[in-house]
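To keep things clear, I will list the structure first and then write my remarks on it.
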Amino acid sequence: MTVMLGVNLTGRDVLLVGGGAVAAKRLRRFLAEGASVRIVAPALHEDTVRLVESHGVAWQGREFRAADLAGAWLVHTATGDVHVDRAVGEQCELQRVLCINASDGAHGSARLTAQAEVGDVTVAVTSTVGADPRRSMAVRDAIIALVGDGRLPLRRRRGAHSGRVDLVGGGPGPADLMTVRARRLIAEADVLVTDRLGPAAEIVQGLDPDVEVIDVGKQPGRHPVPQEEINRIIVERAAAGLRVVRLKGGDPFVFGRGGEEMLACLAAGVPVDVTPGITSAIAVPQSAGIPVTHRGTAAAFHVVNGQGGLGPGTLEAMADATVTTVVLMGVAALGRLVESAIAHGVPKDRPVAFVESGHTPQQRTTRTTLGRAVEDALAVGLRNPAVIVIGEVASERLLLPSPSTIGAALA
Ligand code: SAH
């Protein structure tokens, strides 16, 4: 029978008997747990020597004696000699100290688990009968993977935790383009504050019914929730002890007002963290086969907010044929953008691509040029959300293999 205990070893006296490679591994683990470790061993493995020196571990260079157990909360024996390990175990039994026996397949009076931490949860696996560390690790890793994907019910049921806000990037749309961390944080959240963009719809489906979902995004016929109100919502919920995820399309720090939300949390003394996401500035052009940089074609890219018009720096860059300009939120302002670019001397035949609803089944790409962009946008009925790419990389021919490269590949 085994009872798994979560034991806190911080500052506690742990005795390691034996100085070989196994002991070195365990020493590392006990030190990481903050234990105060002593070693008794006639000789030390080179890894152990290094750890002993760097961590100031006390080492007795001799055989084990029963008196070594004095003061120990826990003993680990790995001498490489089954008889010695057994004798250590017997002494521990007499003196009522728990003992992990590395050479005993049936375990000593205590055993280590295959352990890992995800978020604020510890997963530990061990075998009921006979040690099988490799299996334990495989099971642990499988559980960790499920937890990481947000597929296990990780939400706390007891409010012992203090509230916090996570500003989470959701990527350009599909749920499988979110990060593993984003999935986990969402699975842990009490409150999810979302926008229209990003993977929100799919994610919301899978949430517990008691998770509060607040949609603050723009919707046809409805005013968006003002930024101050969003700040107030996330800060208030977190201050009340809830885990808040503010899920945003793309990356929170790319035209996502993530910086403002972060400031609001910091000002209120609410713990806040940011989880990056795949930004549409790169991923949406990519979905249409457009690399924002390309060796020999584009050496830099500018990401701009079309609503704000184009500043002198952006226009200067746009005139440079080796710079790609990626315009977000540019549909309504397209006419004005094109006009100022042409007035600034950007050639009218500069390639332009409109990529609408990138990474969704509704994705559509329109190729045009600066000179024809407005006309073609009208002709196709260009709609939000769309990314406008201006630059040589937007040319349809860019990633088409030339006859010479096809020949080279076949040769
Ligand atoms: N933080 C986001 C950008 C927010 S601004 C990010 O990093 O991606 C919103 C703009 O992003 C939209 O107006 C549009 O230009 C662009 N956008 C976001 N998702 C898109 C998608 N799936 N397809 C096309 N454009 C998208």
Side-chain angles (χ1 to χ4, degrees), residues 165-179 181-182 192-203 215-220 224-227 230-231 234 245-263 273-292 301-310 314 324-338 352-368 373 377 380-391 393-394:
V165 173
D166 281 284
L167 307 177
V168 174
D176 62 353
L177 283 180
M178 296 177 78
T179 63
R181 187 184 303 176
L192 185 69
V193 182
T194 67
D195 289 322
R196 185 183 40 129
L197 281 175
E202 200 179 328
I203 290 298
D215 181 356
V216 294
K218 263 189 253 176
Q219 267 168 12
V225 177
Q227 188 61 47
I230 298 175
N231 296 351
I234 60 176
V245 164
R246 170 73 175 108
L247 180 64
K248 290 161 172 295
D251 184 276
F253 278 1
V254 179
F255 301 132
R257 306 193 72 169
E260 290 160 69
E261 292 170 7
M262 184 145 190
L263 281 172
D273 212 346
V274 182
T275 298
I278 298 178
T279 179
S280 60
I282 296 170
V284 169
Q286 172 276 317
S287 70
I290 300 171
V292 291
F301 63 101
H302 268 211
V303 180
V304 302
N305 173 357
Q307 285 174 341
L310 302 177
T314 301
T324 304
T325 305
V326 179
V327 185
L328 305 188
M329 298 174 277
V331 172
L334 181 67
R336 196 155 42 90
L337 302 179
V338 168
V352 170
F354 307 133
V355 188
E356 297 165 81
S357 300
H359 286 289
T360 74
Q362 292 76 39
Q363 179 175 328
R364 178 173 68 160
T365 306
T366 307
R367 311 270 183 168
T368 177
V380 300
L382 179 65
R383 295 223 331 242
N384 274 313
V387 168
I388 302 167
V389 185
I390 305 166
V393 290

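First listed ligand is number 1; within each ligand, the first listed atom is number 1. All values reported here derive from a predicted model rather than from experimental measurement. The figures here come from the full heavy-atom set of this structure, side chains too, leaving out hydrogens, waters and symmetry mates.
Shown here for Thr194 and Asp215, the closest heavy-atom pair between the two residues is O-OD1, 3.5 Å. Of all non-hydrogen atoms in Val274 and Pro252, the two that sit nearest each other are CG1-CG, 3.9 Å.
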Would Asp251 and Ile278 count as a side-chain contact (heavy atoms from CB on, under 4.5 Å) here? Give the steps. CA-CA 6 Å; Asp251 184 276; Ile278 298 178; over 6 Å; no
Please lay out, stage by stage, how Val389 and Phe301 fare under the test side-chain contact (heavy atoms from CB on, under 4.5 Å). CA-CA 10 Å; Val389 185; Phe301 63 101; over 6 Å; no
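Using a 4.0 Å cut-off between heavy atoms, Pro252 makes no contact with ligand 1 at all. Using a 4.0 Å cut-off between heavy atoms, Leu328 contacts ligand 1 through both its backbone and its side chain. Only the backbone of Val355 comes within 4.0 Å of ligand 1, judged by heavy-atom distances. The part of Ala386 lying near ligand 1 is the backbone, judged by heavy-atom distances below 4.0 Å.
Interface of Phe255 with ligand 1, defined as ligand atoms under 4.0 Å from a residue heavy atom, comprises 4 (C), 5 (S). Close approach of ligand 1 to Thr279 (heavy-atom distance below 4.0 Å) involves ligand atoms 6 (C), 7 (O), 8 (O). For ligand 1, the atoms lying closer than 4.0 Å to a non-hydrogen atom of Asp251 are 1 (N), 6 (C), 7 (O).
Ligand 1 lies out of reach of Gly173, whose nearest heavy atom is not under 4.0 Å from it. Using 4.0 Å as the threshold, Thr360 has no heavy atom nearer than that to any atom of ligand 1.
No N or O atom of Gly256 sits closer than 3.5 Å to an N or O atom of ligand 1. Considering backbone and side-chain atoms together, Gly249 places an N or O closer than 3.5 Å to an N or O of ligand 1. Remark: ligand 1 and Glu356 share no N or O pair separated by less than 3.5 Å (distance only, no angle test). On a distance-only criterion, Ile278 and ligand 1 share no N/O pair closer than 3.5 Å. Polar contact check, Pro172 against ligand 1: a nitrogen or oxygen pair lies under 3.5 Å apart.
Nearest to atom 11 (O) of ligand 1 by heavy atom, out of Ala288, Ala283, Ser280, is Ser280.
Interatomic distance, Phe255 CZ to Lys248 NZ, rounded to the nearest 0.5 Å: 13.0 Å.
The backbone N or O of Ser287 lies less than 3.5 Å from a partner atom in the side chain of Gln363, making a donor-acceptor pair. Between the side chain of Asn305 and the backbone N or O of Gln307 there is at least one donor-acceptor pair closer than 3.5 Å. A donor-acceptor contact shorter than 3.5 Å is absent between the side chain of Arg246 and the backbone of Glu261. With Thr179 contributing its side chain and Ala182 its backbone, the two residues share a donor-acceptor pair below 3.5 Å.
Other residues, nucleotides and ligands place more than 12 heavy atoms under 6.0 Å from the CZ atom of Arg367.
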